[in-house]
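Below: one structure, written as structure tokens.
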There are 2 protein chains.
Amino acid sequence: MSAHVFIAEDEASIVSLLKYNLEKEGYKVSHSENGEDALKQIKSKQPDLILMDWMLPELSGVEICKNLKKDNKFNDIPVIMLTAKGEEEDKLKAFDTGADDYVTKPFSQKELNARIKSLLKRSKPQSSSDIVEFTDLKIDRITKRVYRKDKEITLGPTEFKLLDFFIKNPKRVYSREQLLNNVWGEDIYVESRTVDVHIRRLRQAINIQNTKPLIRTVRSAGYSLES
Amino acid sequence: MSAHVFIAEDEASIVSLLKYNLEKEGYKVSHSENGEDALKQIKSKQPDLILMDWMLPELSGVEICKNLKKDNKFNDIPVIMLTAKGEEEDKLKAFDTGADDYVTKPFSQKELNARIKSLLKRSKPQSSSDIVEFTDLKIDRITKRVYRKDKEITLGPTEFKLLDFFIKNPKRVYSREQLLNNVWGEDIYVESRTVDVHIRRLRQAINIQNTKPLIRTVRSAGYSLES
DNA sequence: TCCTCTGTTAACAAATGATTAAAAAGGGGG
DNA sequence: CCCCCTTTTTAATCATTTGTTAACAGAGGA
């Protein structure tokens, strides 16, 4: 689950240097050499961080940055500007366009890494607790969406809650009674057979082609989520 | 509702310079001259940002920073380190301790201001600018106009507020109750069915020919703005 | 006053939930 | 190893909840 860094830079030597170093750090890296293409790629790939040259062919880094910062969908992506001259004015302009940091060439790779780490740290934690993964299952509590192998799955409210509950303690076996208390609620009384039915529905829903069944039945004990 | 900046620095001349400039920028400023006291004050005052000298009497800036970053309650407060020498090693150490940025003395006040602004922007989610876009939707909070694919759309006040609220956190699902609290107001009581009606009106209004519906209903959960 | 906006209501449609019963599977004792 | 009893799965059905839609009446501003 490494972060994805996008490089918008037209000098090939710099790109390869950056790429080499960033990949060594464990980041997924992609890049583009011209502004227009960069913007397109950024919008489709939604990287976790962008390194952007101040000057770019077609569309300047400044323009791209402004464009991104306007759009709610992308304005959370941190941008580090790479600027050639260390001039005061440029630095300020960089921040004005919405850049989150800037680095002047020539830059120290170590320092750049540190700045990248710092920015990523800031943007990550918000989403972490609300999105839970277990093997190839992913559930997003904010958007109420569930994915299996990155394919979206539609679940009814109860099935969603059921899965959400299971995923909190994978591999643990829950009795029907425990499930009723935790998923349905303490004071709601329904037949315990009902659990079976919803288990079945959940199974059907998350069962994408030739994947192992994820829900194990433990005879006379209950069910559990398995890998 | 100006941000509160805390200065931990023992050189009086620097403190007064910083204080003067920051207050001119509209920040609330407080400070301390020794490390131990600084830590205490920070924990009680919970400032929005900290400017910290690398070296401080009693307890060094590094120590304070580490201490803060360990504690969940304070590790979200951005820290800018003020370091005397511009040496590579120090920069890296600064980041290692959890600092979010650093500035070397002598520093440009303008640049410092820019960095402060940038960090505060990150921690305050209310970065609400006046014109916000989400995919092909654009909303202008000043002129109260809404555009879809650059075509203007007319919305009633409530629909406008609804959309405005949704666009702040696209893709996030809000319950009727949340919508009522945030769009209508905490203490206004209307039926929750009313939300449905306004959702429908909003849907109709933003639904320009053959475009995907932008508002998703999540059964028994609420609604969300989707791309 | 007229018009727009708002909130309520009611009828309708769709989705989900629970229950039941029958079939299948599992486990243990003889 | 087979038979019987228990538990689980499955499918079909019915009930209930939830959301959609349209119509209406009142409030408030132009």
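Chain A is the first sequence line, chain B the second, and so forth, proteins listed ahead of strands; every chain is numbered from 1.
Taking the C1' atoms of five terminal pairs at each end of the helix from C/dT1-D/dA30 to C/dG30-D/dC1, the two resulting helix axes are inclined by 30°, rounded to 10°.
A side-chain hydrogen bond (donor to acceptor under 3.5 Å, both in side chains) with B/K69 is found for one member of B/T97, B/D76, B/D100 and no other, namely B/D100. Each of A/L180, A/N182, A/N169 was compared with A/Y174 under the side chain to side chain contact (heavy atoms under 4.5 Å, CB included) criterion, and only A/N169 meets it. For the pairing with B/Y223, the side chain to side chain contact (heavy atoms under 4.5 Å, CB included) check across B/V173, B/L202, B/L162, B/L179 returns one residue only, B/L179.
Looking at B/I50 and B/I80, their side chains never come closer than 4.5 Å, going by heavy atoms from C-beta outward.
If you measure from atom CG of A/L179 to atom C1' of C/dA18, you get 16 Å, rounded to the nearest angstrom. Distance CZ (A/F160) to C1' (C/dG17): 18 Å, rounded to an integer number of Å. In this structure, NE2 of B/H198 is placed 11 Å from P of C/dC5, rounded to the nearest angstrom. A/E191 places its CD atom 15 Å from the C1' atom of D/dT7, with the value rounded to the nearest Å. Between A/I215 atom CD1 and D/dT8 atom P the separation is 15 Å, expressed in whole Å. Here D/dT16 presents its P atom at 18 Å from CH2 of A/W184, a figure rounded to the nearest Å. Following rounding to the nearest Å, A/R216 (CZ) and D/dT8 (P) show an atom-to-atom distance of 13 Å. In this structure, NZ of B/K144 is placed 16 Å from C1' of C/dC5, rounded to the nearest angstrom.
Side-chain contact, A/D37 with A/Q41: a donor N or O sits under 3.5 Å from an acceptor N or O. In summary, the side chains of A/E9 and A/H31 do not present any donor paired with an acceptor at a separation below 3.5 Å, with no hydrogens or angles considered. In this structure, a donor-acceptor pair under 3.5 Å is present between the side chains of B/E111 and A/Y102.
Put simply, CD1 on A/I64 and CE on A/M52 are 5.0 Å apart, with the number rounded to the nearest 0.5 Å. Here B/I139 contributes atom CD1 and B/K144 contributes atom NZ; the two are 8.5 Å apart, rounded to the nearest 0.5 Å.
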Nucleotide N/O to protein N/O under 3.5 Å, stretch nucleotides 27-29 of chain D:
none

Atom pairs under 3.5 Å, N or O on each side, protein against nucleotides 18-22 of chain D: can you list them with distances?
residue, atom, partner, partner atom, Å
D/dT18, O2, B/R219, NH2, 2.8
D/dG19, OP1, B/R176, NH2, 2.7
D/dG19, OP1, B/S220, N, 3.0
D/dG19, OP2, B/R176, NH2, 2.5
D/dG19, O5', B/R176, NH2, 3.4
D/dT20, OP1, B/R203, NH1, 3.2
D/dT20, OP2, B/Y223, OH, 2.8
D/dA22, OP2, B/R200, NH2, 2.1

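Take the nearest nucleotide of DNA chain C for B/S192 and for A/T154: the residue whose nucleotide is more 5' is B/S192. Between B/L155 and A/T194, the residue whose closest nucleotide on DNA chain C is further toward the 5' end is B/L155.
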Steps toward salt bridge (Lys or Arg N to Asp or Glu O under 4.0 Å) verdict (A/R145, B/E226): CA-CA 12 Å; A/R145 287 179 190 278; B/E226 299 287 324; 2.7 Å; yes
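For A/E177, the CD atom counts as loosely surrounded, since its 6.0 Å shell holds 12 or fewer non-hydrogen atoms of other residues, nucleotides or ligands.
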